[in-house]
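A quick write-up on the structure given underneath.
Every heavy atom of this structure was used, including side-chain atoms; hydrogens, water molecules and symmetry mates were not. Predicted model, so just to flag it, every value in this text is computed and none were measured. Lettering follows sequence order; numbering is per chain, from 1.
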Number of protein chains: 2
Amino acid sequence: MARPLSEEKREAILAAAAELIATSGTGASTASIAKAAGVAEGTLFTYFATKDDLLNQLFLEIETNLAQTMMAAYPAKGGSRERIRHLWDRLIAWGAANPTWRKVLRQLKVSGRITAESRRRSNALFRESRELVEQSMAGHVDPERMSFYIDTVLIGLADMTIDAMAASPKKQHEHLKQAGFDLYWKGTAV
Amino acid sequence: MARPLSEEKREAILAAAAELIATSGTGASTASIAKAAGVAEGTLFTYFATKDDLLNQLFLEIETNLAQTMMAAYPAKGGSRERIRHLWDRLIAWGAANPTWRKVLRQLKVSGRITAESRRRSNALFRESRELVEQSMAGHVDPERMSFYIDTVLIGLADMTIDAMAASPKKQHEHLKQAGFDLYWKGTAV
DNA sequence: TTAAAATGAGCATGTACTCACTCAACAAAG
DNA sequence: CTTTGTTGAGTGAGTACATGCTCATTTTAA
């Protein structure tokens with residue numbers, strides 16, 4: 001190999017894409033992404049075969065980060081309520097700390113450009129933490145509703161809570177976080 | 001006036017736009033929309049000044065329909081739980097009956113092409129039914145949480161419930177609808 | 001040396017929107 | 001009840017520009 005690819009450039013392209021997609025949607029042009037990343041447009045295509053490829057890799061990059069956060073944050077000790085509450089706090093903190101990534105995820109999910117394979121890989125990333133959540137929730141929630149309450153509602157409700165927080169003064173943030181968790185915990189009780 | 005505009009054509013264009021935006025996103029071209037509506041591309045621009053104008057009118061058309069459904073469905077009698085439950089059933093029924101519109105709404109909301117004025121008008125459409133919901137929920141929910149639980153969570157949770165239903169066999173639909181409502185009602189209790 | 005990364009002008013295709021023109025629907029004149 | 005004139009809806013080829021992607025050429029690290 002005469003000259004290696006630069007991980008630095010790859011990440012600069014992904015970061016630039018995230019920034020532009022968050023504000024302009026997936027219609028952000030490869031020209032604008034390359035320019036923002038400080039590389040020529042041709043370079044973008046040596047790191048990513050197609051624009052769709054870039055989009056899918058960006059999707060997985062963000063999902064990997066979120067999955068790792070959930071995994072790393074999961075407490076080994078404490079009652080079920082405390083464990084879910086801790087996870088809830090970490091989810092909210094992740095969203096509040098990564099507003100760009102959250103916008104990107106929303107854009108990519110409705111874009112129709114994320115492949116089935118990417119979604120499959122994403123699911124795999126969350127499998128481990130999902131199982132821990134299920135263990136913690138066992139007994140608290142009707143087993144027949146477990147899948148709905150974990151796979152659909154948990155992250156969806158966290159998302160809505162972060163949105164509401166973003167649209168409110170800081171003073172209310174803790175209050176909204178509590179309101180979101182109470183809704184989830186009391187609502188899922190058997 | 002030499003020749004009146006045809007309401008029929010206007011609606012054909014809006015319907016075609018909805019169908020194409022639901023599947024291809026707001027990137028659907030004016031050429032493809034006009035073709036699907038059975039009119040020339042030029043005609044589209046005599047009914048809608050710009051593509052953004054078409055998008056905004058489509059948005060308000062759908063929001064008006066949803067707001068009317070909520071208003072018309074609101075029961076005058078019954079306890080608070082029964083009233084909210086009835087509204088919940090109508091919301092779910094609306095979403096299940098209008099999958100295309102739901103997809104369009106999602107696309108338009110993340111598109112960044114809906115003006116502040118359109119959102120303001122949309123809010124106005126829901127004002128009356130929102131007040132009825134607030135009256136029904138009074139006493140059941142902490143007043144400080146009222147806005148979050150009504151403005152953000154109610155429709156958001158209904159949306160998630162419809163998504164889960166769409167991804168499940170019909171046999172489970174009633175079960176999911178109940179699970180979603182229980183979560184909302186028990187979760188919002190003071 | 002040399003192979004591969006990096007470049008950016010160039011290419012085919014698509015885009016929202018225009019415009020000169022046609023013709024259908026109305027109103028006034030006969 | 002015709003005839004005729006006027007207006008503006010309807011048309012689709014045309015326009016200027018943007019798009020994803022290529023490739024001949026240059027630069028750079030092994």
Side-chain angles (χ1 to χ4, degrees), chain A residues 1-61 104 107-108 110-115 118, chain B residues 1-59 104 107-108 110-115 118:
Chain A
M1 196 191 300
R3 205 180 161 184
L5 285 168
S6 137
E7 184 60 26
E8 211 175 48
K9 281 205 173 74
R10 200 189 97 96
E11 269 160 28
I13 293 169
L14 285 169
E19 215 63 52
L20 287 167
I21 289 168
T23 55
S24 317
T26 53
S29 69
T30 51
S32 68
I33 293 170
K35 192 178 176 188
V39 301
E41 193 171 1
T43 302
L44 186 151
F45 287 96
T46 85
Y47 284 83
F48 305 94
T50 63
K51 187 182 176 181
D52 274 26
D53 188 37
L54 166 59
L55 261 28
N56 277 274
Q57 288 199 39
L58 179 56
F59 173 74
L60 285 172
E61 200 98 343
V104 172
Q107 293 284 353
L108 291 176
V110 304
S111 71
R113 301 175 78 158
I114 299 303
T115 65
S118 291
Chain B
M1 197 191 301
R3 205 178 162 184
L5 284 168
S6 139
E7 185 59 26
E8 212 175 47
K9 281 207 172 71
R10 200 189 97 96
E11 269 159 27
I13 294 168
L14 284 170
E19 214 63 52
L20 287 167
I21 289 168
T23 56
S24 317
T26 52
S29 70
T30 51
S32 67
I33 293 169
K35 192 179 175 188
V39 301
E41 193 171 1
T43 303
L44 187 150
F45 287 96
T46 86
Y47 283 83
F48 305 93
T50 63
K51 187 181 175 182
D52 274 26
D53 188 37
L54 166 58
L55 262 27
N56 278 274
Q57 289 200 39
L58 179 56
F59 172 74
V104 172
Q107 293 284 354
L108 291 177
V110 304
S111 72
R113 300 175 78 159
I114 300 304
T115 65
S118 292

Checklist entry - Between residues 17-36 of chain A and DNA chain D, which residues have a heavy-atom gap below 4.0 Å? => result A:Ala28, A:Ser29, A:Thr30
Taking atom [atom2] of [N] as reference, at what distance in whole Å does atom [atom1] of [X] sit?
X: B:Glu8; N: C:dA24; atom1: CD; atom2: P; value: 17 Å
X: A:Glu7; N: C:dA5; atom1: CD; atom2: P; value: 14 Å
X: A:Phe48; N: D:dT22; atom1: CZ; atom2: C1'; value: 18 Å
X: A:Leu5; N: D:dA29; atom1: CG; atom2: C1'; value: 13 Å
X: B:Phe45; N: D:dA9; atom1: CZ; atom2: P; value: 16 Å
X: B:Lys51; N: C:dA16; atom1: NZ; atom2: P; value: 4 Å
X: B:Ile13; N: D:dT11; atom1: CD1; atom2: P; value: 9 Å
X: A:Arg113; N: D:dT19; atom1: CZ; atom2: P; value: 12 Å

Checklist entry - So what is the end-to-end bend of the helix from C:dT1-D:dA30 to C:dG30-D:dC1, with 5 pairs used at each end and the value given to 10 degrees? => result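 The angle, to the nearest 10 degrees, is 10°.
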Taking only N and O in the side chain of [X], is any of them less than 4.0 Å away from OP1 or OP2 of [N]?
X: A:Thr46; N: C:dA5; value: no
X: A:Tyr47; N: C:dA5; value: no
X: A:Lys9; N: C:dA5; value: no

Checklist entry - Within a strict 4.5 Å, meaning less than it, do heavy atoms of the B:Leu108 and B:Arg113 side chains meet? => result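 Contact flag for B:Leu108/B:Arg113 side chains = no.
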Checklist entry - Hey, is CD on B:Glu19 packed in by over 12 heavy atoms from elsewhere, all under 6.0 Å? => result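 Incorrect, the count does not exceed 12.
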